[in-house]
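Atoms within each ligand, like the ligands themselves, are counted from 1 in listed order. Along the sequence shown, residues carry numbers from 1.
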Amino acid sequence: MKTTLDSIQARESQYVLHTYRRQPVAFVRGEGPRLYDVDGREYLDFVSGIGVASLGHAHPGLAAAVADQAATLLHTSNLYYHPFQAEAAARLSTLSGLSRAFFCNSGTEANEACLKFARRFWHTQGVSNRTSFVAIEQSFAGRTMGALSVTWDEHYRTPFEPLLGPVTFVDPNSPEALFAAVNDRTAAVIAEPIRGEGGIRPLPRAFSDAIAEVCRRTGTLLIADEIQTGLGRTGHPFHFQALGWNPDLVSVGKALGSGIPVGAALISERVAKTISAGDHGTTYGGNLLATRAATFFLEELMDRGLLDHVRSVGDHLERRLRTLALKHPVVLEARGAGLMRGVELRVDATPAVDLARERGLLVNRTNEKVVRLLPPLTITAAELDAGIDILDAVLAEVPAEVHA
Ligand SMILES: Cc1ncc(COP(=O)(O)O)c(C=O)c1O
């Protein structure tokens with residue numbers, strides 16, 4: 001029997017837990033920034049699996065490295081050494097300036113590790129009451145109990161309370177609120193340099209400076225959640241570098257494996273010194289396959305000009321989006337950095353996302369009214385133009401007002 005969208009949907013609705021509202025399309029193949037569905041229709045992918053397919057789809061070099069590793073040795077656990085963990089960790093250290101890496105399997109796990117390491121830091125020093133966290137409104141850190149506790153959206157949190165506490169969420173328009181929230185019980189401030197799921201919202205400069213200042217002044221640890229912003233996405237190795245932050249912990253994921261699941265917590269020396277064998281662990285984390293893929297991605301980023309490429313095409317994308325924002329009354333604002341962009345509409349973004357998909361462009365709705373663009377880091381200016389031309393036509397057709 002031929003596999004069709006209908007047959008896939010029918011089996012999923014019977015057997016897969018209904019935690020996702022999927023769009024009506026099933027993909028079977030990809031090449032660079034393009035995806036092909038079960039019927040052979042081509043799409044330009046400006047979602048990249050939510051910022052994951054950093055090298056595009058079916059990258060020949062990554063495919064060769066992964067196939068070679070699969071045919072050689074996939075996994076041995078953290079009971080033994082292998083060559084690729086140290087290789088990927090050394091590159092992450094060079095890129096971030098933090099001295100060590102702990103590998104895990106997702107962004108959420110990286111944040112979990114950072115939260116634990118922050119508490120461990122204070123515990124090791126005998127400061128047993130510095131256990132609370134300060135997070136930012138509209139933040140997203142993941143869905144496990146710890147990461148969920150520092151995620152802003154109440155819809156995600158409320159059904160699962162009580163969560164890890166205490167956590168104080170601060171309005172990023174109020175540096176004063178941050179200064180008031182950080183006290184002698186705060187283990188760490190956790191912040192995304194640009195809130196991704198929250199609608200591609202850069203932190204106001206005064207607030208971002210306040211984070212750096214309050215952490216420096218009080219010795220509070222800073223966790224930079226760079227799961228979406230990090231590893232070249234914004235045109236910087238890490239976006240905290242553009243903000244002048246000096247974090248003790250940095251969480252990464254998404255782009256690192258370009259589709260092979262891998263995350264990492266990056267750790268400053270002063271925190272690393274407080275952590276001992278047995279404090280944290282994972283069976284899969286940092287296995288040969290994952291860290292070989294991560295190493296390949298990091299080589300592309302650091303040695304083969306990918307970062308410069310993102311800066312140049314990111315500027316091009318910004319110019320195109322600025323023009324769209326001026327042209328279409330439905331657009332409230334275009335914002336972001338590098339290849340991490342959001343176009344906030346005056347209306348719900350669902351019709352625009354659906355229409356774009358029907359025309360062969362994949363974009364993502366986040367925070368209700370925001371069309372999010374996270375194309376592969378390898379995308380060319382011509383490919384960006386092809387996608388933005390589709391978005392341009394779509395925005396001309398989306399009503400600028402909600403009609404009752
Ligand atoms: C900023 C940020 N933190 C954490 C996460 C969670 O990462 P993952 O879904 O890989 O567990 C995400 C995912 O969207 C994210 O964007």
Side-chain angles (χ1 to χ4, degrees), residues 19-21 46-54 102-118 133 135-153 155-157 160 163-164 167 169 172 188-203 208 211 222-234 236 238-240 243 245 247 249-266 282 284-286 290 293-294 297 336-342 363-367 370 372-375 377:
T19 54
Y20 297 105
R21 226 173 274 120
F46 280 24
V47 180
S48 310
I50 322 186
V52 167
S54 46
F102 172 87
F103 288 100
C104 52
N105 310 291
S106 67
T108 302
E109 281 183 49
N111 276 337
E112 288 291 333
C114 288
L115 296 171
K116 279 185 72 177
F117 295 156
F133 294 96
I136 316 301
E137 293 183 2
Q138 282 108 23
S139 61
F140 181 85
R143 314 296 195 102
T144 54
M145 297 303 259
L148 188 60
S149 308
V150 291
T151 289
W152 161 249
D153 194 328
H155 291 107
Y156 296 152
R157 285 203 327 268
F160 304 101
L163 297 169
L164 176 80
V167 176
F169 290 94
V189 174
I190 177 166
E192 295 161 76
I194 299 175
R195 284 153 296 156
E197 305 301 301
I200 312 290
R201 296 178 197 281
L203 292 172
S208 143
I211 287 180
L222 173 56
I223 304 171
D225 178 343
E226 293 263 7
I227 288 156
Q228 198 162 140
T229 48
L231 299 168
R233 172 60 59 192
T234 68
H236 304 274
F238 293 95
H239 205 70
F240 76 75
L243 304 183
W245 289 359
L249 293 152
V250 176
S251 50
V252 295
K254 290 191 186 281
L256 184 57
S258 196
I260 299 294
V262 53
L266 311 182
T282 152
Y284 284 122
F297 167 74
L339 290 175
M340 178 177 182
R341 300 280 170 180
V363 289
N364 167 244
R365 166 188 181 267
T366 191
N367 206 241
V370 180
R372 178 169 49 170
L373 312 177
L374 298 169
L377 304 184

Pairwise distance CG(L231) to CZ(F238) - rounded to 0.5 angstrom = 4.5 Å
I want to check something: taking the side chain as every heavy atom from C-beta on, are [X] and [Y] in contact at a cut-off of under 4.5 Å?
X    : Y    : value
K254 : Q228 : yes
F140 : D153 : no
P193 : W245 : yes
T229 : M340 : yes

Flag the pair R201 and E192 as a salt bridge only when some basic side-chain nitrogen lies within less than 4.0 angstrom of an acidic carboxylate oxygen.
->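 The answer is no: the pair does not qualify as a salt bridge.
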With distance as the sole criterion, is a donor-acceptor pair present between the side chains of R195 and N367 under 3.5 Å?
->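 Checked: R195/N367 side chains show no N/O donor-acceptor pair below 3.5 Å.
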Give the atoms of ligand 1, by number and element, whose distance to some non-hydrogen atom of E192 is under 4.0 Å.
-> 1 (C)
Of all the atoms in ligand 1, which lie at a distance below 4.0 Å from a heavy atom belonging to N111?
-> 3 (N), 4 (C)
In the protein, what heavy atom is nearest to [atom], and what distance, to one decimal place, separates them?
atom                    : answer
atom 10 (O) of ligand 1 : G107 N, 2.9 Å
atom 16 (O) of ligand 1 : Q228 NE2, 2.7 Å
atom 2 (C) of ligand 1  : F140 O, 3.4 Å

Any N/O pair D225/ligand 1 closer than 3.5 Å | yes
Say whether I50, considering both its backbone and side-chain N or O atoms, lies within less than 3.5 Å of an N or O atom on ligand 1.
->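 N/O-N/O distance below 3.5 Å does not exist for this pair.
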Any K254 heavy atom less than 4.0 Å from ligand 1 = yes
Run the contact test for A141 against ligand 1 with a 4.0 Å cut-off on heavy atoms, strictly below, and give the result.
->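 A141 counts as a contact of ligand 1 under the 4.0 Å cut-off.
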Is W152 reaching over with its side chain to a backbone N or O of A135, donor-acceptor style, under 3.5 angstrom?
->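 Pair absent, no side-chain N/O of W152 close to backbone of A135.
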May I ask you to identify, for E197, whether its side chain, its backbone, both or neither come under 4.0 Å of ligand 1 on a heavy-atom basis?
->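 The part of E197 near ligand 1 is the side chain, not the backbone.
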Applying a 4.0 Å heavy-atom criterion (strictly less than), which segment of T108 is in contact with ligand 1: side chain, backbone, both, or neither?
-> both
